[in-house]
There are 2 protein chains.
Amino acid sequence: MSVNLRQVAERAGVSVRTVSNVVSGFALVAPATRERVQRVIDELGYKPNAAARHLRGGRSGLVALVLPEMASPYFGELAGLLADRAEAYAWTLLVQQTGGDAGRERELLDGVRAQAVDGLIMSPWGLSPSDLTRRPGSAPLVLLGEQDAGGLLDHVAIDNVDAATETTRHLIATGRRRIAAIGLQPHLVNGTAARRAEGYRRALAEAGLPALEVPVERLHRADGAAAMTRLHHSGAEVDAVFCFSDQLALGALHVALSRGLNVPGDLAVAGFDDIEDGRFAHPALTTIAPDKPALADAALKCLSDRLADVHAEPKRLVVAHRLEIRASTAARTS
Amino acid sequence: MSVNLRQVAERAGVSVRTVSNVVSGFALVAPATRERVQRVIDELGYKPNAAARHLRGGRSGLVALVLPEMASPYFGELAGLLADRAEAYAWTLLVQQTGGDAGRERELLDGVRAQAVDGLIMSPWGLSPSDLTRRPGSAPLVLLGEQDAGGLLDHVAIDNVDAATETTRHLIATGRRRIAAIGLQPHLVNGTAARRAEGYRRALAEAGLPALEVPVERLHRADGAAAMTRLHHSGAEVDAVFCFSDQLALGALHVALSRGLNVPGDLAVAGFDDIEDGRFAHPALTTIAPDKPALADAALKCLSDRLADVHAEPKRLVVAHRLEIRASTAARTS
DNA sequence: GTGAAAGCGCTAACAG
DNA sequence: CTGTTAGCGCTTTCAC
C-alpha cells in the first residue's frame with residue numbers, strides 16, 4: 001500500500017499536523033522542521049490521498065465535461081482546450097457523452113458523479129433550459145451554447161444570430177442569390193440551430209431573397225451529404241449552401257464535388273465552427289471561427305466564479321467569433 | 001448539504017448497516033425493511049458519497065485516459081468509444097493530455113491523480129517502454145500502441161508492420177513505382193512510426209523498389225502539407241505517397257490538389273487510421289482501418305483483468321485492421 | 001510552532 | 001436478519 005501522513009510523521013519524528021502543514025504549505029513551520037519533513041516525504045515518495053482530501057474538504061478537483069460526443073472535431077478541440085486550461089485551476093477533466101439524448105443528459109446531471117465533481121460544464125442538446133434549472137443539489141453547472149434560461153443559468157457562447165447573418169451576407173455579397181441553409185434540427189429543443197436559422201433568414205430578408213431550409217437529423221458529415229443529395233433531387237436550383245456546422249459542410253462539399261459541380265464556381269459552400277478539416281479541404285472551407293480558447297477560458301472562469309459565490313447573479317458570457325473567408329465561397333469570376 | 005446514510009437510517013428507523021445493505025444490494029435484507037428503506041432513500045434523494053466510498057473501498061470508479069491530444073480525430077474517436085464502453089465496467093473516464101511530451105507523460109504517470117484512479121490507459125509518445133516500467137506504486141497501466149517492453153506491460157494495438165506492408169503492396173499492385181512514405185518521427189522513441197516504416201520497406205524490398213522516406217515533426221495536417229511541399233521541391237518524382245496517419249495524408253492531399261495534380265491519376269495517396277474526414281475527402285482516402293471498437297474493448301478488458309489479478313502475466317493484445325481501398329489510390333486507367 | 005483528537009461518510013468485522 | 005462500531009487518510013480546532 002502507499003505511504004500516509006502518519007508514517008511520514010513517525011519517520012520524521014513530528015506529528016501528523018506538522019507534516020500536513022508542510023504538504024499544504026499554508027501554516028507556519030520552522031524551516032529546519034520543514035526541511036526534515038520534506039526529506040522524509042521525498043524519501044518515502046509520499047503522495048496525499050485524494051479520496052481522503054475530498055471527503056474531508058468536500059472538493060474533488062474534478063470537473064465533469066458533459067458533451068454530445070467527443071469524436072466530433074468541434075467538441076474534440078474544445079475538450080482539448082478545456083483539459084489544458086483546467087490545469088490553471090488545478091482541475092482535472094472528466095468526460096461524459098450523452099449522444100445528445102435528453103434521458104442520458106438527465107441521468108448524468110442527477111447521477112452520483114454529478115455530486116462527486118466540483119462542477120459541470122455541459123453542452124445540452126436534449127434538455128431544455130427549463131429542464132436544466134430543475135436539479136437536486138448537485139455541483140454548479142455552466143452551459144456551453146446559447147441557452148435562453150431566463151437568466152437562471154450561467155452560460156458561455158458566441159452570438160449565433162449575428163454570426164449566421166454575417167455569413168449569409170457574405171454569400172450574398174459574392175453574388176449568390178439562391179442560398180440554401182442546411183442544418184435545422186426541428187426535433188431538438190436546443191436553440192443553437194434555430195438561432196443560426198434566424199440570422200440566415202434575417203440576412204436574406206434584408207436582401208429580399210427567398211429562404212430554402214433543409215433539416216438534418218444529426219450534425220455529421222453523412223447528414224450534410226444526405227441533405228445535399230436531397231436538395232439536388234428536389235430540383236431546387238441553388239448557388240450556395242450555408243451549413244450550420246463544418247461537418248455538415250464537408251459532407252455537402254463531398255457530394256457536390258462527386259456530382260461534378262465546381263465549388264465555388266457553380267456552388268459556394270460555407271460552414272460553421274472552423275474545424276481543422278475545413279482548412280485543409282479542397283477548396284478550403286469558409287466558416288465562422290468561434291474563439292475557442294476564449295470559450296474554454298470563459299467556461300472555466302465562470303465555473304470558478306460560481307464556486308466562489310454560489311448566489312451570484314448567473315452570467316451570460318459572449319465570446320468573439322470571426323468570419324473566415326476561404327476558397328469555398330470565392331466570388332464567381334464571370 | 002446532501003443527505004447521508006445516517007439520516008436515511010434514522011428516518012427509516014433502522015441502522016446504517018441496513019441502509020448500506022439496501023444500497024449496495026449485496027447482503028440479505030428482509031423485503032419489508034428493504035422497501036421501507038428504499039422509500040426513504042427516494043424521498044430524501046440520497047446519493048452515496050463517492051469520496052467516502054473511495055476512501056473506504058480503495059476504488060474510485062475512475063480510469064485515466066492519457067493521450068497526446070484529444071483534438072486529433074483518431075484519439076477523439078477512440079476516447080469517445082472508451083468513454084461509452086467504460087460504462088459497462090462502471091468506470092468514468094478522466095482525460096489528460098500530454099502533447100506527446102515525455103516530461104508531461106512522466107508527470108501524469110507519477111502524479112497524485114495517477115494514484116486516485118483505478119487504472120490508466122495511455123498512449124505514450126515521449127516515454128520509452130523501459131521508462132514506463134519504472135513507476136512507483138500507482139494504478140495499473142494499459143498501453144495503446146505497440147510497445148516493445150519485453151513483455152513487461154499490458155498493451156493493445158494492431159499489427160502495424162503488417163498493415164503498412166499491406167498498404168504498400170496495394171500501391172504497388174495499382175502500378176505505382178515511386179512510392180514515398182511520409183510520417184517517420186526520428187525524434188520520438190515511440191515505435192509506431194518505426195513499425196509502419198518497417199512494413200513499408202519490406203513491401204518495397206519484395207518488389208525491388210527504392211524507398212523514399214520523409215520525416216515529420218508531428219502528425220497534423222499541416223505537417224503532411226509541409227512534407228508534401230518539401231517532397232515536391234526536392235524534385236523527387238513520385239507517383240504515390242503512403243502517409244502514416246490520415247491527418248498527414250489529408251495535408252498532403254491538400255497540397256497535391258492545390259498544385260493541380262490529379263489524385264489518383266498523377267499521384268496516389270494512402271493514409272492510416274480511418275478517420276471520418278478521410279471518408280469524405282475528395283477523392284476519398286484509402287486507409288488502414290483499425291477495429292477501434294475492438295481496441296477500446298480490449299483496453300478496458302485488459303485493465304479489468306489486471307485489476308482482478310495484479311500478478312498475471314502482462315498481455316499483448318492484437319486487434320484486427322482492414323485495408324480500406326477508396327478512390328485516392330484507384331489504379332490509373334492508362 | 002507543534003501535538004492530540006474529532007470527524008468527513010462509508011463499509012464490513014463482530015455481536016447478537 | 002440487524003445493530004454497533006472501528007477505521008480508511010486527511011484537515012483543522014483546540015490546547016500547550
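Note that the structure is a prediction, hence the values are computed from the model and not measured. No hydrogens, no waters, no symmetry mates; every other heavy atom, side chains included, goes into these values. Numbered from 1 within each chain, the chains take letters A, B, ... in sequence-line order.
A donor-acceptor pair under 3.5 Å links the side-chain atoms of B/Asp131 to the main chain of B/Ser128, judged by distance alone. Side-chain N or O atoms of A/His220 include none that pairs as donor or acceptor with a backbone N or O of A/Arg218 at under 3.5 Å.
For C/dA12, neither phosphate oxygen OP1 nor OP2 lies less than 4.0 angstrom from any side-chain nitrogen or oxygen of B/Ser20.
A/Leu109 CG to A/Arg134 CZ: the interatomic distance, rounded to the nearest 0.5 Å, is 11.5 Å.
Counting to the nearest Å, the C1' atom of C/dA12 and the CG atom of B/Leu55 are 14 Å from each other. Distance CZ (B/Arg6) to P (D/dT2): 20 Å, rounded to an integer number of Å. If you take CD of B/Gln7 and P of C/dG7, they are 16 Å apart, rounded to a whole angstrom. The separation between A/His54 atom NE2 and D/dC10 atom C1' is 13 Å, rounded to whole Å. Taking atom CG of residue A/Asn49 and atom C1' of nucleotide C/dC10, one finds them 14 Å apart after rounding to whole Å. We find that CD of A/Gln115 is positioned 12 Å from P of C/dG9, with the value rounded to whole Å. A straight line from CG of B/Asn4 to P of C/dG9 spans 5 Å, rounded to a whole angstrom. A straight line from CD of A/Glu35 to C1' of C/dG1 spans 17 Å, rounded to a whole angstrom.
As judged by a 4.0 angstrom heavy-atom cut-off over every strand, A/Thr33 is placed among residues touching the sugar-phosphate backbone only.
Heavy-atom distances to DNA chain C give each of B/Asn21 and B/Ala52 a nearest nucleotide, and the one nearer the 5′ end belongs to B/Ala52.
The listed nucleotides are C/dC8, D/dT12, C/dG1; the one nearest the side chain of A/Arg17 is D/dT12. The B/Val14 side chain lies nearest to D/dG3 when the options are D/dG9, C/dT2, D/dG3. In this structure, of D/dG9, C/dA4, D/dT4, it is D/dT4 that holds the atom nearest to the side chain of B/Ser15. Each of C/dC10, D/dT5, D/dC1 was ranked by its minimum atom distance to the side chain of B/Leu5; first place goes to C/dC10.
Looking only at side-chain heavy atoms (C-beta outward), A/Tyr89 and A/Asp118 stay at 4.5 Å or farther from each other.
B/Ala299 and B/Leu82 get closest at one heavy-atom pair: CB-CD2, 4.4 Å.
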